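What follows is a short report on a single structure.
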Amino acid sequence: MTLPVWATAESDSQAAEQAMRYLASDDVILDRQLFPCDIRATGAHVRGLATIGALTNEDAERVNTSLEHLAAEFTDGRFVLDERYEDGHSAIEAYLTADLGDLGKRIHLGRSRNDQALVATRLFMRESLVRTRASILSCARAALELAQANEMTPMPGYTHLQRAVPSSVGLWMASYAEAFADDAELIDATLAWIDRCPLGAAAGYGVNLPLDREGVAQDLGFARLQLNPMAAQASRGKHEVQTLGTLWQAMQTLRRLGWDLTMFASSEFGFIEMPDAMTTGSSIMPNKRNPDVAELFRASAGVVAGAMTEIQQIVSLPSGYHRDLQLTKAPLLRAIRTAQESLALAPSLIQGLRINADRCRAAIDRSMHATDMTVEMALAGVPFRDAYRKLKDDGVDRDDLTPEDSLQARTSLGACANLGLDDLRARIDSLATV
Ligand code: ARG
């Protein structure tokens, strides 16, 4: 009978078995997500071995054909990666050995599971960032459409959650279009930064072979090589933190949106309604529709930040590989998945928002024109501070002021009457064509 994970071992053999399970933990299950990347990198490594004559070209081709079968069988479920294997890395070698005999046992020449884990994770982060970037741009577009459709719809601008000045739905939504465009641009910066191949570092000190490291890096589509094997090894965790930090920025934008939406959808504001598909009913209160999706957007930013912190704590290590690094995998994968799922769903929520223009406009009260009036008085020659004082003392004593007039007067670039939506659209389009 196997010992439950929480029980104390009573014999050496039980302790050994328990230690094995502790070391393996759920690593092999997590490796399912990295497996296609690991297979790809293995193919490139093997082609690299052929380039330097450490394998024949025919053998390298046979391995690559077998790797293609493995990838296909993994995708359609004929090959299952589970606890029969210590990790995805050993599973690849076991498959090749079962399929090709001795040839399968030759492929680990010149590499270590350390650089294998590094390269698979690197490829996975690259793919994840590219996919998430597309979702972020969809968010930007959806926000831009809503801004365009409600360009001059008045709504209050708040500071400290207090009514401040007249503003517009257009300005509010364009702020998200721009923030998401910034987030997509940051992904490009991070993609460029992590775009380097660690393969050839082996266990962290290189090997006694003239490996074609540059060729292998090119084969995998990397822009460049991580030159120093120790630096490559030490970058595990570092690139993960950068990737999550970048995704966190987009999630932070989404969190703010989640906040705004939950607040503005409440009866107290009543500015917007969320699409039915994005709200849920209550199990006890028949009158409720709850904004759970927007709430999970908000919480998910915290999940990504938490995972990033987890990795930051784990990589407090001296040079060289340490098994500690294995534990960076779970938070990385969890956070990437959370960010991806949130950002993929967000465009539908934004597209489905209904704006209650009457409620938005009605929330702009007369006093909110005070700041506009100080500006008008200043333009008529009254020193600004004196105008400010007068409005503070006397309040707004006119009732001919409308939110529409206030918006029309805001003509500087980026402001309500001059949102620059075409420029914003051009920016988003150009990000989308890269
Ligand atoms: N699962 C391990 C990890 O993610 C693979 C590398 C194991 N290397 C080692 N030297 N024990 O780090």
Side-chain angles (χ1 to χ4, degrees), residues 5 16-42 44-45 70 74 79-97 104-105 107-128 194 197-209 211 216 220 226 228-244 307-308 310-337:
V5 279
E17 189 224 300
Q18 200 175 19
M20 278 294 286
R21 279 194 285 152
Y22 181 71
L23 288 168
S25 185
D26 56 351
D27 196 52
V28 68
I29 304 302
L30 295 171
D31 273 351
R32 287 176 181 168
Q33 296 173 65
L34 302 172
F35 204 49
C37 293
D38 203 353
I39 294 173
R40 240 176 84 206
T42 300
H45 168 68
L70 173 58
F74 176 69
F79 179 89
V80 178
L81 184 59
D82 61 19
E83 287 86 353
R84 288 173 298 158
Y85 307 97
E86 186 188 339
D87 53 27
H89 317 309
S90 34
I92 293 177
E93 188 169 324
Y95 179 94
L96 292 174
T97 305
K105 293 191 255 164
I107 58 124
H108 206 58
L109 172 68
R111 76 169 179 182
S112 151
R113 282 186 300 168
N114 296 352
D115 60 345
Q116 200 178 349
L118 271 166
V119 73
T121 314
R122 194 72 47 87
L123 289 171
F124 182 82
M125 289 191 283
R126 201 171 68 174
E127 283 174 9
S128 303
I194 72 168
C197 186
L199 264 189
Y205 299 91
V207 285
N208 48 335
L209 280 173
L211 291 174
V216 172
L220 288 171
Q226 280 186 296
N228 180 302
M230 286 181 77
Q233 181 55 65
S235 72
R236 186 154 176 208
K238 211 171 156 71
H239 286 64
E240 281 82 340
V241 167
Q242 177 62 20
T243 297
L244 293 193
M308 184 164 61
E310 197 174 331
I311 296 174
Q312 284 166 332
Q313 295 307 313
I314 292 168
V315 295
S316 173
L317 295 167
S319 292
Y321 175 83
H322 310 273
R323 192 66 176 261
D324 307 53
L325 293 166
Q326 178 172 294
L327 296 196
T328 60
K329 203 183 284 178
L332 176 78
L333 297 176
R334 186 176 68 241
I336 284 180
R337 184 176 161 190

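Computed from a predicted structure; not experimentally measured. Just so it is clear, the values below take in all heavy atoms, side chains as well, and ignore hydrogens, waters and symmetry mates. Numbering of ligands and ligand atoms starts at 1, following listing order.
- Partners of Phe79 by side chain to side chain contact (heavy atoms under 4.5 Å, CB included), not counting sequence neighbours, listed by chain and number: Phe35, Leu70, Glu73, Phe74, Leu81, Tyr85, Ala91, Tyr95.
- Side-chain contact annotation: Ser128 with Arg337, donor-acceptor N/O pair under 3.5 Å absent.
- With hydrogens and angles ignored, the 3.5 Å screen pairs no side-chain donor or acceptor of Asp27 with any backbone N or O of Asp87.
- Side-chain N/O atoms of Arg111 and His108 include a donor and acceptor closer than 3.5 Å.
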Distances only, to 0.1 Å: what are the N or O pairs between ligand 1 and the protein that fall under 3.5 Å?
unit_1, atom_1, unit_2, atom_2, d
ligand 1, 1 (N), Asp27, OD2, 2.8
ligand 1, 1 (N), Gln326, OE1, 2.9
ligand 1, 4 (O), Arg236, NH2, 2.9
ligand 1, 8 (N), Asn114, OD1, 2.9
ligand 1, 10 (N), Asn114, OD1, 3.3
ligand 1, 12 (O), Arg236, NH1, 2.9
ligand 1, 12 (O), Tyr321, OH, 2.5

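- Considering only heavy atoms from C-beta on, Glu83 comes within 4.5 Å of Ile29 through its side chain.
- For the pair Glu310/Thr328, no side-chain contact is recorded, criterion being any heavy-atom separation below 4.5 Å from C-beta on.
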